[in-house]
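Below is one structure, written out as structure tokens, with a few remarks after it.
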Amino acid sequence: MSAQYPLVLVDASGYLFRAYHAAPKLINSHGEPTGAVIGVLQMLQKLLDDYQPDYLGIVFDAGGKNFRHALFPAYKAQRPPLPNDLRAQFAPLRAAIEAQGWPLIIVPDVEADDVIGTLATQAAAAGIATLIVSGDKDMAQLVGDQVHLLDTMKNRLLDAAGVTETFGVPPERIADYLALRGDSSDNISGVSGCGEKTALEWLRKYGDLNGVIAHAHAIPRKVGENLRAALPQLPLLRQLTTIQCDVALNRCPTDLRPTAPNVAALRAVFERLESRHLLKRLVLLNLDLLAPAAPPPPRIAYDLILTPEQFETWLARLTAAELFAIDTETTGLDVMTAELVGVSFAVAPKQAAYIPLAHRYFDAPAQLNRATVLAQLQPLLEDPNRAKVGQNLKFDFNILARYGITLRGIAHDTLLTSYVLDSTATSHGMDALAKKYLDYATIHFEDVAGKGAKQITFDQVTVETAGQYAAEDADITLRLQQTLWPRVQAIPALARLYRELELPLIPVLARMERTGVKIDSHSLAQHSHELAQRLAALELNAHETAGRSFNLASPKQIGMILFEELGLPVVRKTPKGEPSTAEDVLEQLAAEHPLPRLILDHRSLAKLKSTYTDALPKLVNASSGRLHTSYHQAVTATGRLSSSDPNLQNIPIRTEDGRRIRRAFIAAPGFQLVSADYSQIELRIMAHLSGDERLLAAFGSGLDVHRATAAEILQLPLESVTTEQRRAAKAINFGLMYGMSAFGLAQQIGCNKRDAAEYMERYFERYVGVKEFMERIRQEARANGYVETLFGRRLHLIEINHSNQSRRAAAERMAINAPMQGTAADIIKRAMLAVNQWIESEQPPVQMLLQVHDELVFEIANDAVTTASAHIRIAMETAAELTVPLVVDIGHGNNWDEAH
DNA sequence: CTGCCGACGTAC
DNA sequence: GACGTACGTCGGCAGT
């Protein structure tokens with residue numbers, strides 16, 4: 001199939017000018033202007049996508065003088081000099097066009113118009129349909145049967161009829177027309193007093209320029225006089241406005257076939273331009289070709305293991321190695337369903353191999369049998385004395401577990417090494433670590449498998465490509481370990497934290513993930529149904545109240561109704577400057593109008609439905625019949641775990657509907673759910689870290705700490721503290737741990753700022769140790785650039801000395817919070833290890849299912865609940881020795897709500 | 001249609 | 001500007 005226009009000729013100088021004025025004035029990080037180049041490249045790309053020509057000419061003006069200047073010294077004389085920031089963009093544009101393989105034409109002393117005219121004429125003679133792309137109206141004269149014009153200014157495609165319609169004259173009269181009316185952009189004046197209208201009228205009356213000249217004597221009034229005065233000039237003007245179609249060129253249209261792009265060169269140009277858009281497209285179009293920018297990567301020759309002999313050799317190497325890296329490749333990221341596709345190993349830098357086991361694509365080579373290979377590897381993988389390193393081994397652990405292998409001898413995990421070194425790093429992913437610590441550009445997963453809709457599963461990747469990728473992963477993991485571990489070792493507390501807490505936690509978390517939790521999908525479905533009805537009723541009511549229909553889930557539309565149509569006051573704005581419709585704002589507005597309350601109710605129910613009652617049943621694993629979360633050990637800045645897919649750390653609890661969702665988390669028949677949660681652990685840690693006498697005393701004597709705080713601040717006896725007073729004290733206690741200000745406290749407890757400030761003052765008078773502790777933490781953060789937990793985990797605070805007040809204040813709040821939140825995280829991790837130790841040694845009918853920051857949830861056989869609970873309590877309460885007791889509340893029941 | 005971001009809301 | 005740590009859903013928008 002041939003393109004509609006086999007030849008496309010682009011007036012590139014015009015494109016560049018247009019882009020320069022239309023596109024944003026971008027500047028890259030080197031201070032170079034880039035907007036016009038990027039704009040032109042995007043327009044060209046779009047054009048070629050649209051027309052897909054066989055031949056292509058990107059034509060630039062050569063600059064310098066041409067025949068028109070010789071005829072008419074004033075030609076284009078009024079043009080201001082090129083702005084420097086436009087001039088600077090010619091070179092990168094040329095480089096990009098050449099790298100694209102697009103034929104670029106610049107003829108010395110010839111204007112782009114004449115080059116285009118000549119090529120179009122030659123093409124027409126050869127029967128090749130041509131599209132001229134230009135915003136210059138001169139070009140209209142070239143239009144004919146075979147030649148059409150894409151007017152980039154108006155984005156219209158013009159044939160001869162279109163030209164007549166647009167300009168009022170056919171293509172062959174365009175030059176006459178321009179000669180008469182002039183062309184200010186070229187400094188051609190034409191006939192004084194003769195504009196568009198007059199020129200068209202004359203041409204209509206007398207046919208062409210010669211006709212006008214012949215009848216010049218008959219034209220009345222001043223304009224007639226002007227015409228007669230200009231008569232000697234008109235042939236010259238006609239020459240200037242006529243495009244030359246016979247200039248000497250060293251190329252003909254059929255020479256203009258685009259060639260293959262030079263991807264590396266293109267990438268270099270695009271990177272310099274810092275255009276994510278262009279780079280992204282380049283990546284998409286060149287998945288296989290894409291290599292990092294200069295210098296080209298020296299790819300290492302890794303082993304691809306396809307025969308038993310090769311495997312034997314590598315098995316011996318692994319057995320002999322003091323430490324080896326392992327990495328599994330699978331069909332997906334869900335450890336409950338992903339299939340093992342291959343496994344890679346590294347025994348020393350650059351010495352790595354990939355064993356493809358289950359690649360399935362047309363023509364895939366015969367591979368070693370997965371079961372056989374795994375059986376041979378099993379003794380090695382399960383031997384605790386054979387040291388292994390990996391990147392996020394919890395994943396590999398879970399995958400191997402599904403094939404009956406218990407990975408032991410986990411000596412290192414580079415994900416966790418990176419995390420303990422700097423929990424605030426933007427990424428602990430292998431690609432980022434390789435770049436950061438080894439200055440090595442890894443092959444990315446997207447490079448081999450694509451992404452988005454085009455993504456394929458790893459078993460579809462060719463074994464050769466997969467081998468390069470997978471073996472490199474093992475190689476880099478090993479090298480990262482060699483670089484990272486000494487850095488951790490240099491800080492003994494971090495080394496302990498890593499070896500004694502984080503690494504041993506891997507199999508514990510892996511087990512919890514694979515165990516999952518039983519869900520009563522039926523009750524959730526029933527709940528969803530009810531919620532749908534209540535939501536519909538609220539929606540109807542809200543629309544009636546508002547007087548029109550709108551999307552209750554759209555803060556933007558809500559804002560329109562509340563603040564524009566109903567004229568309610570804007571309480572607060574979002575960081576982006578839009579009126580906020582957040583919960584506390586609507587709560588205030590509810591006093592003035594019934595609609596905000598309806599929105600609030602709708603929001604809370606919609607949240608429960610979409611996030612929980614609808615979503616959770618869909619995520620139940622088909623084979624286990626249970627819900628499996630993923631725990632992330634290297635995400636939070638403070639050392640907490642996080643949970644996703646689904647997040648089981650934010651299951652509702654506060655409202656009745658929320659608790660009903662918790663009731664859908666159930667125990668298997670014959671079992672109970674047991675929930676054990678630390679009572680006030682962060683406040684206890686604050687007491688311990690601060691050594692504050694009164695706080696220590698309150699916890700030491702087992703008082704209700706919030707009540708005690710209220711009594712202290714208000715100087716009341718404990719028993720006369722009201723519920724309201726206790727609530728305020730609780731808000732202070734929590735607020736303190738978050739570094740809250742008087743303003744924040746006032747907002748929280750609904751009092752004025754002065755009262756809040758007075759409460760806080762009174763608090764710090766009574767709890768002097770806490771006040772001193774907070775100041776000490778700020779000092780420590782400023783001096784060290786980090787703060788520590790009780791166990792030496794560090795949180796780096798690079799903005800603690802920031803010049804911007806609010807940035808610095810934010811860092812100070814993190815400094816205050818992190819030691820408490822982080823110590824609590826350390827303690828519950830220690831408890832999890834202790835409980836796991838007990839489970840492994842005693843083999844009680846107990847499974848640890850969930851961790852929710854200060855709570856552990858277990859599934860325990862009915863008759864073991866009491867004794868197991870006692871063991872769990874001891875393990876948790878003795879997980880750390882503080883100057884206050886750690887207290888654990890334990891409950892049990894058929895579901896998670898009852899267990900509380 | 002896909003991907004990204006901001007707003008919002010759930011938990012501790 | 002103002003309360004720390006997370007994750008998921010939605011709307012809206014840009015780009016495909």
Side-chain angles (χ1 to χ4, degrees), chain A residues 42 45-46 49 276-277 280-281 284 423-424 451-455 550-559 572-586 599-600 603-612 614-616 619 629-632 635-655 657-658 661-662 677-678 680-682 731-732 734-748 753 756-757 795 804-822 824-825 828 850-855:
Chain A
Q42 288 182 354
Q45 193 65 68
K46 166 97 166 62
D49 286 347
R276 271 180 57 218
H277 179 272
K280 196 168 141 193
R281 186 185 158 100
L284 286 176
S423 64
T424 64
K451 58 177 174 178
K454 294 190 190 103
Q455 194 173 86
F550 64 100
N551 185 348
L552 271 158
S554 164
K556 194 175 167 164
Q557 293 183 35
I558 289 174
R572 175 155 49 84
K573 291 195 171 177
T574 67
K576 238 183 117 195
E578 303 293 326
S580 169
T581 68
E583 201 236 19
D584 58 314
V585 172
L586 296 188
I599 296 169
L600 282 169
R603 272 213 190 133
S604 66
L605 296 190
K607 177 78 176 178
L608 295 181
K609 182 169 186 290
S610 66
T611 311
Y612 305 104
D614 285 352
L616 295 179
L619 298 169
T629 185
S630 294
Y631 286 107
H632 307 285
V635 168
T636 73
T638 55
R640 274 187 178 180
L641 298 178
S642 78
S643 155
S644 73
D645 310 290
N647 181 359
L648 294 187
Q649 291 181 322
N650 71 346
I651 301 303
I653 192 169
R654 289 174 194 172
T655 63
D657 277 298
I661 292 169
R662 284 208 171 209
D677 67 280
Y678 282 108
Q680 309 292 358
I681 188 166
E682 292 189 12
I732 293 179
F734 277 102
L736 280 169
M737 292 191 297
Y738 299 150
M740 187 162 68
S741 65
F743 176 90
L745 180 63
Q747 287 244 309
Q748 179 67 33
K753 192 178 145 186
L795 171 69
N804 179 313
Q805 151 74 25
S806 74
R807 302 278 281 271
R808 195 170 60 245
E812 284 180 5
R813 291 194 295 274
M814 290 180 217
I816 285 168
N817 177 255
M820 292 177 270
Q821 192 183 112
I828 197 168
L850 303 174
Q851 191 255 40
V852 194
H853 310 309
D854 66 356
E855 174 188 12

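Computed from a prediction, not measured in an experiment: that's the story for all the values here. Protein chains get the first letters and strands the later ones, always in sequence-line order, with residue 1 at the start of each.
- Nearest nucleotide to the A:Tyr738 side chain, out of C:dC3, B:dA11, C:dT5: C:dC3.
- In this structure, CD of A:Glu583 is placed 15 Å from C1' of C:dC3, rounded to the nearest angstrom.
- Side-chain proximity of A:Asn551 to the nucleotides C:dT5, C:dC10, C:dG11 is greatest for C:dG11.
- Following rounding to the nearest Å, A:Leu736 (CG) and C:dT5 (P) show an atom-to-atom distance of 17 Å.
- The nucleotide whose nearest atom lies closest to any side-chain atom of A:Ser554 is, among B:dT10, C:dG11, C:dG8, C:dG11.
- Looking at A:Arg640, its side chain comes within 3.5 Å of the base of B:dC12 through a donor and an acceptor atom.
- The OH atom of A:Tyr631 sits 21 Å away from the P atom of C:dT5 (whole-angstrom rounding).
- When each of B:dA11, C:dC7, C:dG12 is scored by its nearest atom to the side-chain atoms of A:Pro652, the top-ranked nucleotide is B:dA11.
- Listed nucleotides: C:dG4, B:dC8, C:dG8. Nearest to the side chain of A:Thr581: B:dC8.
- Applying the 4.0 Å criterion to OP1 and OP2 of C:dA6, one finds that A:Ser643 has every side-chain N and O outside that range.
- Remark: the A:Thr581 side chain and the A:Arg603 side chain contain an N/O donor-acceptor pair separated by less than 3.5 Å.
- Candidate nucleotides C:dC3, B:dA11, C:dC10 were compared by shortest atom distance to the side chain of A:Met740, and C:dC3 ranks first.
- Closest to the side chain of A:Phe743, from the set C:dA6, C:dA2, B:dT10, is C:dA2.
- Whole-Å rounding puts the A:Met820 CE to C:dC3 C1' distance at 12 Å.
- Atom CD in A:Gln805 sits about 12 Å away from atom P in C:dG1, given to the nearest Å.
- Distance A:Arg662 CZ to B:dT10 C1': 10 Å, rounded to the nearest Å.
- The side chain of A:His853 approaches B:dC12 more closely than any other nucleotide in the set B:dC12, C:dT5, B:dC8.
- Atom name P, nucleotides C:dC3 and B:dC5: the rounded distance is 26 Å, in whole Å.
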